[in-house]
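For reference, the structure discussed in these notes is given below.
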Amino acid sequence: MLSDEGSVDSFKGSEVLCSGAGHQSLIWEFLVEYLEMIRGRPCKHYLSVNFRNLVTTCTVPLDPPTTSSFSSASEHKTLCYSLVEQLIRRGLFLPAQQVIQRIVTQSSSISEAISIVDFADERGLKLDLAIHGLLCRQLVYSRPQLAELLYNRKFIFEGAEPDALLLDAMVICFCRLGKFEEALAHFNQLFSLNYVPSKVSFNAIFRELCAQERVFEAFDYFVRVNGAGIYLGYWYFNVLMDGLCSKGYMEEALELFDIMQSTNGYHPTLHLFKTLFYGLCKSRWLVEAELLIREMEFRGLYPDKMMYTSLIHEYCKDKKMKMAMQAFFRMVKIGCKPDNYTLNTLIHGFVKLGLVEKGWLVYNLMTEWGIQPDVITFHIMISKYCQEGKVDSALTILNCMVSSKLSPSLHCYTVLIKALYKDDRLEEVNELLKSMLDNGIVPDHVFFFTLTKMYPKGHKLQLALNILEAIVKNGCGSDPSVILATTKCQTSSNLVQKIDILLHKIFNSNLNLASMAFSIVISALCETENLDCALDYLHKMVSLGCKPLLFTYNSLIKCLCKEGLFEDAMSLIDHMQDYSLFPDATTYLIIVNEHCRQGNVKAAYYILRKIRQRGLKPSVAIYDSIIGCLSRKKRIFEAEGVFKMMLEAGVDADNILYLTMINGYGRNGRILEARELFEQMVENSIPPSSYIYTALISALVKKNMTDKGCLYLGMMLRDGFSPNAVLYTSLISHYLKIREVEYALQLVDLMERSHIEPDVIFYVALVSGICKNVSVNKKKWCSEKESQKAKTTLFHLLHETTLVPRDSNMIVSANSAEEMKSLALKLLEKVKDVCIVPNLHLYNTIICGYCRMDRMLDANHHLELMQKEGLRPNQVTFTILMDGHILAGDVNSAIGLFNKMNADGCIPDKVAYNTLLKGLSQEGRLSDAFGPVFKFFEELMSINFYLIGMVQIGRPHPVKKIIA
């Protein structure tokens, strides 16, 4: 219990803003009554002593007597309320408000503080913002919802400005309530007030940003807070380093590494070193990764085998084999012994660059150190030899594996079988396939996909059945012949029945094998364009609990895209994610390829953007498809832009992409750029293929730069490549086009004597070129002569590769119109004998040849033959025949063909209309020409009205199809 003097002294120095001497008597009376109330006796002599100090400062006591002065806390609370009420009755609202504020500050619980505020509200006493801010801060941890309610009512709705302490507390409050964006806004407001947030509020923001993978923002706040002097421990550095490296923000990661040492004075841990190192390797920051390893060694934290192997792997990917070997030798020097994975990485790096001999040196080093080569070691060499066409060397390595008691993997068999089939060594393919199955190898969907390219189109289901039988035998340990004993016939329906029986057996034996088996069957059905049945099997597969493979969806997406059902294909991609499967580069490549095949570059661009939005890195094949499509459309500047965009995205161009770009430059007459790109490819250690040489040589010759073409032909021969049918076809077609017929025929003869087998494209180009020269026999043959010296050099370079000479069946000269016509007829007969399976393009060429030689009976006869073989004539076919009849003076037959084209559902294009109108005009039948003209415009207008109508009713998809 305090003395009276202590009670009076408690009023000394109290700050209550009360101005004017008129209030002194009121204050005196109030104090007397208050002390008499709490002490039970008069205390005027004490008050007279201290009153001078009290009134001179114009203060009213805010500190109530301590709780020890009262019999209980409830009495203290009651007396405080009574004091406030007396102050209000006397009109002293400001002192009453300050008393309430002091009571709230000293309240023992949140509920008590709330009851005090409610007491003040009931009596119309408005509390200042400080008391509300204080109450909000106290409510944040225990009752955050109530804190938010009070904060919104007093500060947001009434427009009051919260102080920095309250803002900091509300950051924590909103984080606890899951309202992160509001918390972030308040956190940013703290910085705008130049206030350093508390460690608690920063921790709440930091954790949530990292949880949402907003690592870059977390790093930005970390730098600002750390620079303000807030102590941050190792945990923040480790979490932030993990996030930055996983997202590829390597500049920020290195900055964080410097901050840790220079600003905070921390020594990086081994975990942090490794995290930063693997991030640098993944982002191809190899120089920085190398320096980091050296710093680790300087600090006595020696890198382990996996770190060195990762660095070596990235150097190999970057084609820096010298740096890879230096890292390898340093690894050995510090006593870190390499393993199979390290050495296989080096072997693969050398082999990928075509340095097979150096790969064998690493192999020998492996055996010297007593490290046993594994299946992957041999697989690398087998794949490389098969890629180079050295199948016998690959088979030798396979035998070496067997003698070393290593079982060849399925991948070894797959690449070998593919290479043997490419060399037309079918007997060896069957032997190797039998050996593989006898060794108990279970085929997979990749193996099936490889074999599909070897089987005829109508036999894919039979192949799927054979693969399922092998899975049952080697994977399930059962005899498929016994299981299939119930089936008797070999019809296609029974084939499906057999597949169902084997699928049921595989499903009962192994769920993983069942998923693969279903995928093989679905792919086979897609290859045969049986989409509905494939979707039925997908539904059955899912209903049985088998998880579809990515290969399954890729097969279905490819089939949907071929039928133009792109929206369904994109819906199937969404369906994949229900099974935690996400589209890869192959999935998107399928869609991009089909869009580009249809010439829809805009849709291909959309898919490219979608790939990036999903965080995937588009493959070089996707860029190649888009660039090829742009080049074919003569949009070479856009193709250049895509090529540069690819390089800026960190995607390295491969041999095929360089071929596409060089072809595009050549097709668009930009020879200088084609040559520069060729030199750039060589500088990047990408060896040119025979196809790249062919594209460049053809482009130069077509631009009358045969002397430059000879230079590249010489380089091609020195690199060990021989001229192929593609090069000869391009050269012969060019010289026929410029009417150098005799020289073109000499090349034909040289090609035949060099034992180069012509293909269908060659015959189409030859027949077309000869027949065009027949129709211009009255003109001068050589309208555009090239340098005779250049042509002679070109011929001699091609002649160097000629094998054993043989008699040619080809006429090598045609000096008159009759000889040209005789040669053309001979070629037409030869084409029909050689080409076993003529296609529509070849038939159009043959029909065009007969029309140009005014042999319309033969032309119409081949039209009938074409239809008998199941080939339907198109607009080009009818237009060629119409033009032939018009040249022969038979316009009525041309009109009949035009009407037949309409009757057969083959809509005439503008070329067909122009051909008919030209014939009618030449005959002076202008009145007859009005009919086709009006029909053309009528069809055009009907299509336009149809398009407008479809758009208006909300069906734009048919519109897109018609426009395409």
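Fair warning: this is a prediction, and the values are worked out from it, not measured in the lab.
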How long is the straight-line distance from [atom2] of [Y] back to [atom1] of [X], given to the nearest 0.5 Å?
{"X": "L503", "Y": "L513", "atom1": "CG", "atom2": "CG", "answer": "11.5 Å"}
{"X": "M516", "Y": "I467", "atom1": "CE", "atom2": "CD1", "answer": "9.0 Å"}
{"X": "R632", "Y": "T660", "atom1": "CZ", "atom2": "OG1", "answer": "8.5 Å"}
{"X": "Y658", "Y": "N663", "atom1": "OH", "atom2": "CG", "answer": "15.0 Å"}
{"X": "N466", "Y": "L461", "atom1": "CG", "atom2": "CG", "answer": "11.0 Å"}
{"X": "L502", "Y": "I506", "atom1": "CG", "atom2": "CD1", "answer": "6.0 Å"}

By ring-ring contact (aromatic ring centres under 6.0 Å, His included) - contacts of H445 (at least two apart):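 Residues passing ring-ring contact (aromatic ring centres under 6.0 Å, His included) with H445: F551.
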Determine whether [X] and [Y] make a side-chain contact, defined as any pair of heavy atoms from C-beta on separated by less than 4.5 Å.
{"X": "V642", "Y": "Y605", "value": "yes"}
{"X": "E469", "Y": "V472", "value": "no"}
{"X": "N684", "Y": "M681", "value": "no"}
{"X": "I686", "Y": "D652", "value": "no"}
{"X": "L657", "Y": "F643", "value": "yes"}
{"X": "K602", "Y": "H595", "value": "no"}
{"X": "E217", "Y": "L184", "value": "yes"}
{"X": "P583", "Y": "Y588", "value": "yes"}

Quick one: does [X]'s side chain have a donor or acceptor within less than 3.5 Å of a partner on [Y]'s backbone?
{"X": "S698", "Y": "A695", "value": "no"}
{"X": "N668", "Y": "G664", "value": "yes"}
{"X": "S383", "Y": "I380", "value": "no"}
{"X": "S310", "Y": "M306", "value": "yes"}
{"X": "N530", "Y": "L525", "value": "no"}
{"X": "K320", "Y": "L286", "value": "no"}
{"X": "S543", "Y": "K540", "value": "yes"}

Looking only at side-chain N and O atoms, does [Y] offer a donor or acceptor that is under 3.5 Å from a partner on [X]?
{"X": "Y249", "Y": "E255", "value": "no"}
{"X": "D374", "Y": "Y341", "value": "no"}
{"X": "S689", "Y": "N655", "value": "yes"}
{"X": "S515", "Y": "N512", "value": "no"}
{"X": "E208", "Y": "Q212", "value": "yes"}

Please report the shortest heavy-atom distance between [X] and [Y], naming the atom on each side.
{"X": "V651", "Y": "L647", "result": "O-CD2, 3.7 Å"}
{"X": "K460", "Y": "F448", "result": "O-CE1, 4.2 Å"}
{"X": "M541", "Y": "S519", "result": "CE-OG, 4.0 Å"}
{"X": "L346", "Y": "A324", "result": "CD2-CB, 4.1 Å"}
{"X": "M646", "Y": "Y623", "result": "CG-CD1, 3.3 Å"}
{"X": "K274", "Y": "M307", "result": "CG-SD, 3.7 Å"}

Is it the case that atom [atom1] in [X] sees more than 12 heavy atoms from other parts of the structure closer than 6.0 Å?
{"X": "I656", "atom1": "CD1", "answer": "no"}
{"X": "E388", "atom1": "CD", "answer": "yes"}
{"X": "K558", "atom1": "NZ", "answer": "no"}
{"X": "F582", "atom1": "CZ", "answer": "yes"}
{"X": "I376", "atom1": "CD1", "answer": "no"}
{"X": "K319", "atom1": "NZ", "answer": "yes"}
{"X": "F180", "atom1": "CZ", "answer": "yes"}

Residues which pass salt bridge (charged side-chain N to carboxylate O under 4.0 Å, His left out) with K610, listed by chain and number, not counting sequence neighbours: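 Not a single residue meets the salt bridge (charged side-chain N to carboxylate O under 4.0 Å, His left out) criterion with K610.
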Presence of salt bridge, R284 and E314, under 4.0 angstrom: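 Yes, this pair counts.
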Sidechain N-carboxylate O distance under 4.0 Å for R670, E640: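 Counted as a salt bridge, because a side-chain N and a carboxylate O are separated by less than 4.0 Å.
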Test log, rule side-chain contact (heavy atoms from CB on, under 4.5 Å), inputs R667 and K634: CA-CA 8 Å; R667 189 180 291 113; K634 306 289 185 180; 3.5 Å; yes
Check against side-chain contact (heavy atoms from CB on, under 4.5 Å), L280 and E290: CA-CA 9 Å; L280 290 169; E290 182 90 27; over 6 Å; no
Steps toward side-chain hydrogen bond (donor to acceptor under 3.5 Å, both in side chains) verdict (S571, D568): CA-CA 5 Å; S571 300; D568 293 333; 5.0 Å; no
Worked verdict on L727 versus N724 for side-chain contact (heavy atoms from CB on, under 4.5 Å): CA-CA 6 Å; L727 178 59; N724 52 25; 3.6 Å; yes
Derivation of the side-chain contact (heavy atoms from CB on, under 4.5 Å) call for V356 and Y385: CA-CA 9 Å; V356 183; Y385 280 130; 3.5 Å; yes
